[in-house]
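In what follows, a structure is listed as structure tokens, so that the remarks can point back to it.
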2 protein chains.
Amino acid sequence: MTSRRPTANFSASPHTLPAVAPRPTLRDVATAAGVHPATASRALNEATRVLVRPATVERVREVAAALGYQVNPIARSLKTSRSETVGVLVPDLTNPLFPPIVRGIEDALAEAGYTALTANTDNDPARTASSFAVMQARQVDGFIIATALLDDPLVHEAAQRGVPMVLVNRQTEHLDASVVAGDDATGIARTIDHLVELGHRDIAHVAGPLTVSTGAVRLRAFRSAMQHHGLPDDRIVVADSYSEAAGRTAALELLAGQPPTAVVAGNDLLAIGCYDALEESGLRCPDDVSVVGFNDMPLVSRLRPPLTSVRVPQYELGVEAARLLLDRLSGRTPTARVVLLPVSLVVRGSTAPPSR
Amino acid sequence: MTSRRPTANFSASPHTLPAVAPRPTLRDVATAAGVHPATASRALNEATRVLVRPATVERVREVAAALGYQVNPIARSLKTSRSETVGVLVPDLTNPLFPPIVRGIEDALAEAGYTALTANTDNDPARTASSFAVMQARQVDGFIIATALLDDPLVHEAAQRGVPMVLVNRQTEHLDASVVAGDDATGIARTIDHLVELGHRDIAHVAGPLTVSTGAVRLRAFRSAMQHHGLPDDRIVVADSYSEAAGRTAALELLAGQPPTAVVAGNDLLAIGCYDALEESGLRCPDDVSVVGFNDMPLVSRLRPPLTSVRVPQYELGVEAARLLLDRLSGRTPTARVVLLPVSLVVRGSTAPPSR
DNA sequence: CCTGAGCATGCAGTCGTTTGCAAGACACCG
DNA sequence: CGGTGTCTTGCAAACGACTGCATGCTCAGG
């Protein structure tokens, strides 16, 4: 019986170190254990283990351990056309909102033996589509999407094709897919409560882009909370992206007329833009105008003044999204669910009673 | 000729939509183009294209495009035992230092058709080892490691086994592997120059942990820069992690005696810890004590006071690391290189002339 | 006209697993 | 004692692409 392994690699690079032992294959394990590869496969596989005699299972497992056998996920994927891998689409990892979410996703996936493939889309539909395609080619078992637009053809099409999928943070309308997000409406309501309690009546909203759900949902929540308090709900400017620059521009527009006594920003970056605009307009926060952010990003507690913001449990958002997807992949709970995680208002130095 | 495809999936879920067209395989393309799969493979593959008649190449490519054929990377990997995937090990994605690096890596990899697999190790050797193993099992072609310890057995062993690998941000001693990092020594030297120019002579250093190269390198650079200016180089406290809490603790120790007029922190988080310690000690920055950070993380420009810090081109660090690895994988430049990217001191409000 | 070179393509095995099918072993029952 | 199960295991065919080798063709040179 001759070795079935070519030794050509020796001649290929004669000066390499002690000939890396090629990782053992299932066949090696089977041979060493004196069984057929098929039996070894069944013995090593949780689901099929019952098919083989316990004593044999034991023997195979021991041999596998001794040889340091690890299944080759590539070969398995080829056969099963599953990859234990999921695609994660985020707008931009560099935006402080997303790292905790991604981290949560990766931790939860790893626990189940899954791996995440991450791509940044920069909110560009073309990049999104191409990343999506690449990931599908790589046989990902499903997607976690943090880039969804309110009306997102890609997401709709994928959902219709039955691609397993969970949306996180942002939703898409009229979609039969699971979503995990913060309870934005309640967050905004608490914010308004807080401001009204301080005595504010003239409250404005710098909304995020209305093409994504967070922008639209928070805007709607702002309106209804204001109405609930019997206050005017029409002091609104929509920023065209979630960035400091867009926040500054929007806030300047707001401050052109009679400044409000408080501004509720669509997220923390917009809030920081408001800080800039206030400073440029010679107004002080919170003395002249209170500002509230959303997301409670790292370091916002250390701004001047420390930013009052709505804390969203980002890490948990990621964990929950991953769990939902895993459930879906394992066949349990095939039905779509919407999970809203509780948020909380963190009051800091950027909100104070109005001076007027 | 009958279809070789089972139609069992219909019965499996009779209510699903229009039967997802299974993605075409190389065999489909070959049949449609009237050639053998082998020929189709050669026609579609850059390297082997020369082996087939131009007219045939053209025909195959057209058919492939028409059918929307995409190679199945899994099958290819199985055969070639390459995966066009690289493993990326970072301590914690949640630390603002890393997202830009990871982003740079992913962008540069994507350009070459490669994909990144990211794992967070929390600086835990056990987690690091296990992530490393999982990634190897997934046949990654190489690693980009941002978690290296100064003396890192795992890294050493991998290097010895010939695993393609690039270290980023942190180095390991006595290692024959490529490294991409910021030019920390120069960054520290510029910092000291700046402080000395302002009139400081009593300058302390809150060093990062000496188990990682950034801690050790910056400490050494601090010493030599101080000596260069003929100043005492022994006001040093070592923090035991790169965190705000560790920075605070270290700084409090420093302030227990006669406070220095300036503190050079090992990174921005440590600098923020210094802010805390100063405040607790009733000292003001920069009036009583100047503080300098390192890395120039997002938002440090908006702290109170805005932090003077050394800007490190993190995104470029990632890009360069990815390029180096790709070069290595493609067989070019198999020799290890150390690339130090230039850094720059960004002077803000946390540094001022000493009051004493 | 024959031969050999050179090009273009086909053939078939292989990468490492999984899995439907079948066969052998054994026990049990009528 | 033969038939019918139940267990356990082996056989072999996939999954989709790559690749060494063989084959057939064309064409030039002698």
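All chains are named by letter (A, B, ...) in the order of the sequence lines, taking the proteins before the strands, and each is independently numbered beginning at 1. These numbers come from the heavy atoms of this one structure, side chains and all, not from hydrogens, waters or symmetry mates.
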Provide a list of protein-nucleic acid N or O atom pairs under 3.5 angstrom, restricted to nucleotides 18-22 of chain D.
residue	atom	partner	partner atom	Å
D:dC18	OP1	B:Asn45	ND2	3.1
D:dC18	OP1	B:Arg76	NE	2.7
D:dC18	OP1	B:Arg76	NH2	2.9
D:dC18	OP2	B:Ser41	OG	2.8
D:dG20	O6	B:Arg42	NH1	3.4

Heavy-atom check, side chain of B:Val90 versus side chain of B:Asn120, under 4.5 Å: yes
A:Arg27 CZ to D:dC11 P, in whole Å, measures 12 Å
Pick base, sugar-phosphate or nothing for B:Ile74, based on heavy-atom distances below 4.0 Å to the nucleic acid. nothing
What I want to find out is whether A:Arg61 reaches A:Glu58 closely enough, with some N-O distance under 4.0 Å, to be called a salt bridge. no
Enumerate the salt bridge (charged side-chain N to carboxylate O under 4.0 Å, His left out) contacts for residues 162-172 of chain B, please, sequence neighbours excluded, ordered by first and then second residue. none
Residues two or more places apart in sequence or in another chain: which of them pass ring-ring contact (aromatic ring centres under 6.0 Å, His included) with A:Phe98? none
Contact between B:Leu329 and B:Tyr114 at the side-chain level, heavy atoms closer than 4.5 Å - yes or no? yes
Taking atom P of C:dG16 as reference, at what distance in whole Å does atom CG of A:Leu44 sit? 16 Å
Ignoring backbone atoms, test whether B:Arg53 places a side-chain nitrogen or oxygen under 4.0 Å from the OP1 or OP2 oxygen of C:dC7. no
Whole Å only: how far is the CD atom of B:Gln70 from the C1' atom of D:dG16? 14 Å
Going by salt bridge (Lys or Arg N to Asp or Glu O under 4.0 Å), name the residues that satisfy it together with A:Arg53, two or more places apart in sequence or in a different chain. none
Specify the residue among B:Asn72 and A:Val35 whose closest nucleotide of DNA chain D lies further upstream toward the 5′ end. A:Val35
Report the distance from atom CZ of A:Arg59 to atom C1' of D:dT8, rounded to the nearest whole Å. 12 Å
Rounded to whole Å, how long is the line connecting atom CG of A:Leu78 with atom P of D:dA14? 14 Å
Can you confirm whether more than 12 heavy atoms, excluding those of B:Arg59, are under 6.0 Å from its CZ atom? yes
Tell me: CZ of A:Arg49 to P of C:dT19, nearest whole Å? 15 Å
Under 4.0 angstrom between B:Thr25 side-chain N/O and D:dA17 OP1 or OP2: yes
How bent is the helix from C:dC1-D:dG30 to C:dG30-D:dC1, comparing axes over its five end pairs at each side, to the nearest 10°? 70°
Show every salt bridge (charged side-chain N to carboxylate O under 4.0 Å, His left out) that has at least one partner inside residues 127-147 of chain B, sequence neighbours left out. A:Asp107-B:Arg127, B:Asp122-B:Arg127
Mind checking B:Ser81 for me? I need base, sugar-phosphate or nothing, with any heavy atom below 4.0 Å counting as a touch. nothing
Please report the distance, rounded to the nearest Å, between CG in A:Asp28 and P in C:dG16. 9 Å
Interatomic distance, CD@B:Glu320 vs CD1@B:Ile144, rounded to 0.5 Å, equals 10.5 Å
